[in-house]
Amino acid sequence: METVNQLLDSIKDVGRDAVRGGYSRAVYTTPELELRQWFIEQAEQRGLDVETDRNGITWAWWGKPQDGALVTGSHLDSVPGGGAFDGPLGVASALAAVDLLKSRGVEPRRSLAVTVFPEEEGSRFGVACLGSRLLTGAIDVDKARNLRDAEGNTFADVAQANGLDPRHVGRDTAALARIGDFVELHVEQGRGLGDHGPAIAVGSSILGHGRWKLSVSGQGNHAGTTLMADRADPMVAAAQIVVAVRDTAAKQQDARATVGRLTPVPGGTNVIASRVDLWLDARHPDDAVTAQLIEAIYGAAREIAAGEGCSVSLTEESYSDTVHFNPALSRRIGELLPGAPVLATGAGHDAGVLAGHVPSAMLFVRNPSGISHSPEEYVADEDASAGAVALADVLEGLL
Ligand code: HGY
Ligand code: MN
Ligand code: MN
């Protein structure tokens, strides 16, 4: 059986993005479907029984599906131009960990499942961890069904085209009952592990985080015939709003706020836009502070828009409170990984969504630069191997 590095190497060409660099593997697009098929084949090679549930979550079972099982896994979808490890490292490590457990002759006392959650990044339909949010009921099913991708396809239509029945997506108490403990291994998205010492850390918490859409409306017009004094240009307002987002967050310790996506409508070179949509990602350990941050940003945006003869609206698209992983499970994992540091993370994960419903924990594997959501994301082979061994040790201790 392949090692974790060989498993990752076997998918290294799936979904390469020649324009952005890195990988673009949006949910239910060809590359992500190819990765799902790869996962199913790898799981079946290991004698695992594979099923996909009504929310599109894939479960590969060692032992019969049962309540209270031990579950590990992550996601295969990526951000646009993402790295090779965010998601796939957790899935490949789980497959490699199964190999290690079998080679150790471990006889599980309870079933083990390796899972792949769809749309963790929210890159296609705009809501992060959509699969685990549907599973736990953390998102209204009508809102979920009507989410649209950039081409206007609804999640319901795309899910249907990929074998799901959109009428049946939503909270799945039977599937949730099968998760006795959930452990997700993930590339570290930061430099908490630094350059020396342990390559693996145990997760403690996930920063509260949310996504908001700001729509700035002005007067669309001709770029050549409209004098500067006669313009209500939403692009000029949006540009100032992006800076205001940075300035507002910079004043608040531990806050992070980002505008990573901005879409002018109609988006012509010789056209003054009529509208500019921009998406805000804001995070802080204290959910009340995040709310104040959004209020301050929206206040500044309204002022800026008015100053440009424009208007602006704000819509919350998703929000996750700060999450603390299960203390008892994390403590047990710490005992199984002596010397592993404990790290908080600023990145969201399915483990964070599940944490409100089942005992949930995370392991992080060193990423020397800490860079993620970028082609430069990296994990050294020896650290990836150490991660697979650590996951196997944890699973063995919990089985
Ligand atoms: O956005 C996040 O924090 C995660 O990578 N989905
Ligand atoms: Mn991830
Ligand atoms: Mn990510």
Side-chain angles (χ1 to χ4, degrees), residues 8 11 15 17 20 22-27 32 35 39 57 72-94 115-133 138-139 182-190 192 201 203 205-213 254-261 279-285 287 290 316-323 325 343-355 360-365 367 369-379 384 387 391:
L8 288 170
I11 58 172
D17 188 322
R20 298 181 179 98
Y23 295 91
S24 292
R25 299 160 165 171
V27 73
E32 197 253 1
L35 290 182
F39 171 70
I57 301 163
T72 184
S74 192
H75 60 96
L76 293 170
D77 67 300
S78 77
V79 295
F85 301 91
D86 180 351
L89 180 68
V91 175
S93 299
T115 50
V116 172
F117 287 91
E119 188 62 325
E120 188 280 337
E121 297 292 3
S123 299
R124 183 167 183 183
F125 294 103
V127 173
C129 300
L130 183 58
S132 51
R133 285 176 194 262
I139 184 170
F182 181 74
V183 181
E184 179 171 3
L185 178 144
H186 203 280
V187 56
E188 191 198 346
Q189 294 162 306
S205 63
I206 293 181
L207 219 46
H209 57 284
R211 298 183 183 191
W212 290 263
K213 178 181 176 183
D254 282 340
R256 304 113 208 253
T258 312
V259 175
R261 187 175 151 215
W279 281 266
L280 169 62
D281 177 311
R283 310 188 189 205
H284 188 274
D287 299 312
T290 309
E316 179 177 294
E317 294 203 330
S318 66
Y319 190 76
S320 302
D321 291 346
T322 292
V323 160
F325 290 117
L343 284 182
T345 180
H349 301 280
D350 292 302
V353 175
L354 292 174
S360 173
M362 288 195 79
L363 299 182
F364 297 119
V365 179
N367 166 358
S369 70
I371 293 173
S372 182
H373 284 187
S374 158
E376 294 155 72
E377 183 182 84
Y378 176 68
V379 175
L391 183 59

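All values below were derived from every heavy atom in this structure, side-chain atoms included, with hydrogens, water molecules and symmetry-related copies excluded. Both counts, for ligands and for their atoms, begin at 1 and track the order of listing. Predicted, not measured: the structure shown is a model, and the values here were computed from it.
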For the Mn ion (ligand 2), give me the closest N/O/S atom belonging to His186, just the atom name.
NE2
Would you call the rings of Phe85 and Tyr378 parallel, tilted or perpendicular, where under 30° means parallel and over 60° means perpendicular?
perpendicular
Is any side-chain heavy atom of Ser123 closer than 4.5 Å to a side-chain heavy atom of Ser78?
no
Leu207 and Arg256, any side-chain heavy atoms less than 4.5 Å apart
yes
Please find the pair of heavy atoms, one from Ser205 and one from Ala344, that lie closest to each other, and give the distance.
OG-CB, 3.4 Å
Counting non-hydrogen protein atoms only, what is the nearest one to atom 4 (C) of ligand 1? Give residue, atom name and distance.
Gly348 O, 3.3 Å
Could you tell me if any non-hydrogen atom of His349 lies under 4.0 Å from any atom of ligand 1?
no
Under 4.0 Å from ligand 1, counting heavy atoms only, is it the side chain of Ala128, its backbone, both or neither?
neither
Distance-only N or O hit between ligand 1 and His373, under 3.5 Å
yes
So is His209 touching ligand 1 or not, going by heavy atoms under 4.0 Å?
no
Angle subtended at the Mn ion (ligand 3) by Glu121 OE2 and Asp86 OD2, to the nearest 10 degrees, is 90°
Which heavy-atom pair separates Val353 from Cys129 by the least distance, and what is that distance?
CG2-CB, 3.6 Å
Quick one: does His186's side chain get under 4.5 Å of Leu89's, heavy atoms only?
no
Would Arg283 count as being in polar contact with ligand 1, using the rule that some N or O on each side must be under 3.5 angstrom apart?
yes
With heavy atoms of Glu120 as the reference, note each atom of ligand 1 found under 4.0 Å away.
4 (C), 6 (N)
With a cut-off of 4.0 Å, which atoms of ligand 1 are near a heavy atom of Glu121?
4 (C), 5 (O), 6 (N)
Anything under 30° is parallel, anything over 60° is perpendicular, the rest tilted; go ahead and classify Tyr319 against Trp212.
tilted
Taking only non-hydrogen atoms of Ala347 and a 4.0 Å limit, the atoms of ligand 1 in range are 3 (O)
Nearest heavy-atom approach of Met362 to Ala351 is CG-CB, 3.6 Å
Got an N, O or S from His75 under 2.8 Å of the Mn ion (ligand 2)?
yes
Can you tell me if Glu120 has an N, O or S atom under 2.8 Å away from the Mn ion (ligand 2)?
no
Just wondering, do Asp86 and Glu121 contact through their side chains at under 4.5 Å, heavy atoms?
yes
